[in-house]
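Structure record follows, encoded as structure tokens.
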Amino acid sequence: MIIDVILQAIYDWPLSQAIREGSSLFPTIEALHVVAIATVLGTICILDLRLVGVAAHTRSIARLSRELLPVTWGAFMLAVVCGGLLFISNAVVYFGNTNFRAKMALMALAGLNMVVFHFVTQRNFRDWDEAEVPPAAARLAGLLSLLLWAGVVFFGRRVGFTLR
Amino acid sequence: MSLQTVSDWLYASPLSQAIQNNDWVIPTVQSVHILAIAVLFGSALVLNLRLAGVTGTMHPPLDLFVRYQPRLWAGLGVLVVTGLLMVVGEPERVLMNAVFWWKMGLLTCAVLLTVTLKAIAGSRLASPPLAARVLAAITLVVWVAVMFCGSWIAYAI
């Protein structure tokens, strides 16, 4: 199958080999990956907990959330680059790993959730941002986001334990 | 009483045996550990970026500390509990590992820095002095170093 040929070719790249066989390259990239993920989730959860209505607020944090967005995006891109570098070092095995696939599927859903929130629910942000408890759609988006990203971390961790 | 003795004693304990005999425990505990790291680091980012004058400047620093520092400590609490479970479950891997002790040292520094910064925020200065901005930046670097050590524990044995 064409995908197997592509994955094998990626596995054979000099860069992939260097990461695979180097003594500290893989651990360093993985450490950066974890820091990046912690930053993405950490900044996202500030908004998500607000959406779910867990943290009682008397003042809106909309501006703070928006100011943190560049941090979130920068960290996300770092996570993707690191993830890509980790992936190529063992492309065939990772691609076939059930936990890895679950992680990718959940990330896609989390992304979709964010798009829906951004273009649909958030249009009326200003109407409810000052309210103690946001509307149901916003709370659902926040809850889904938290659950999906927790799932991403959970399955991501399991990849390392389920490699053959 | 040496670290090796403590490690052996822990390894033989019923809790350790229970963790060792159920392979889902360690990965799950690690996942919770990472989620708690996110809560802690997200809070640390808000606080330290504010003190560095980068984000959230519409809020007085103390307001943000009142709002986010409890979450930071709550995250730290979960990290200590999950961390202890990992120590009990795999004592040799953790206690006999220099990287783990570096992590604990750096963690102590990060906590002390955070307490210091809270005191500075409490002084109600509208625009934090340069020293505070530098300390805030250093604190973030130290938190990142703690995270780095955490990942490296697995590779340093």
Side-chain angles (χ1 to χ4, degrees), chain A residues 22-50 54-72 74-75 82 86 99 103 146-147 149-162, chain B residues 23-50 52-61 63-64 66-68 70-72 74-75 79 82 86 99 103 140-141 143-157:
Chain A
S23 56
S24 57
L25 203 44
F26 188 95
T28 304
I29 297 172
E30 189 193 345
L32 263 176
H33 189 68
V34 174
V35 171
I37 291 168
T39 307
V40 171
L41 298 201
T43 50
I44 283 180
C45 87
I46 286 170
L47 180 60
D48 285 346
L49 288 174
R50 162 80 187 108
V54 162
H57 296 287
T58 50
R59 265 151 76 196
S60 124
I61 53 133
R63 267 184 72 188
L64 175 60
S65 295
R66 270 197 304 280
E67 285 189 354
L68 287 173
L69 271 178
V71 177
T72 311
C82 290
L86 294 172
N99 292 292
K103 180 183 173 177
L146 290 171
L147 289 175
W149 285 113
V152 167
V153 169
F154 177 76
F155 285 108
R157 266 284 78 203
R158 284 183 60 83
V159 173
F161 287 87
T162 54
Chain B
D23 352 317
W24 57 269
V25 176
I26 292 288
T28 306
V29 168
Q30 286 181 349
S31 296
V32 175
H33 199 74
I34 292 173
L35 293 174
I37 290 171
V39 171
L40 183 149
F41 192 58
S43 306
L45 271 172
V46 171
L47 299 180
N48 290 291
L49 287 178
R50 172 61 186 93
V54 175
T55 57
T57 49
M58 77 290 306
H59 299 286
D63 276 15
L64 290 178
V66 166
R67 186 179 275 188
Y68 290 104
R71 275 187 229 184
L72 194 154
L79 288 168
T82 48
M86 287 189 274
V99 175
K103 182 181 177 185
L140 283 178
V141 171
W143 282 122
V144 171
V146 171
M147 288 190 263
F148 247 82
C149 286
S151 279
W152 264 95
I153 288 173
Y155 298 99
I157 341 162

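Just so it is clear: chains get the letters A, B, ... in the order the sequence lines come, proteins before strands, and each one is counted from 1.
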CZ-OG1 distance between A/R157 and B/T28, expressed to the nearest 0.5 angstrom: 11.0 Å
Distance in Å, B/L35 CG paired with A/W149 CH2, rounded so as to fall on 0.5 Å steps: 12.0 Å
Chain A contact via B/F148 - side chain, backbone, both or neither, heavy atoms under 4.5 Å: both
Heavy-atom contact with chain A under 4.5 Å, split by part of B/L49: side chain
Residue, of A/V71, A/V40, A/L32, A/L68, that accumulates the most heavy atom pairs under 4.5 Å with chain B: A/L32
Atom pair CH2/OG of B/W152 and A/S24 - distance to nearest 0.5 Å: 5.0 Å
The single option from B/I34, B/I37, B/V32 passing side chain to side chain contact (heavy atoms under 4.5 Å, CB included) against A/V153: B/I34
Where A/E67 and B/T57 come nearest, the two heavy atoms and their spacing: OE1-N, 4.2 Å
Residue among B/A38, B/G42, B/G150 with most heavy-atom pairs under 4.5 Å to chain A: B/A38
Side chain, backbone, both or neither of B/V46 within contact of chain A (heavy atoms, under 4.5 Å): side chain
CD1 on A/I37 to CZ on B/F41, rounded to 0.5 Å: 13.0 Å
Separation of B/D23 CG from A/T162 OG1 (nearest 0.5 Å): 11.5 Å
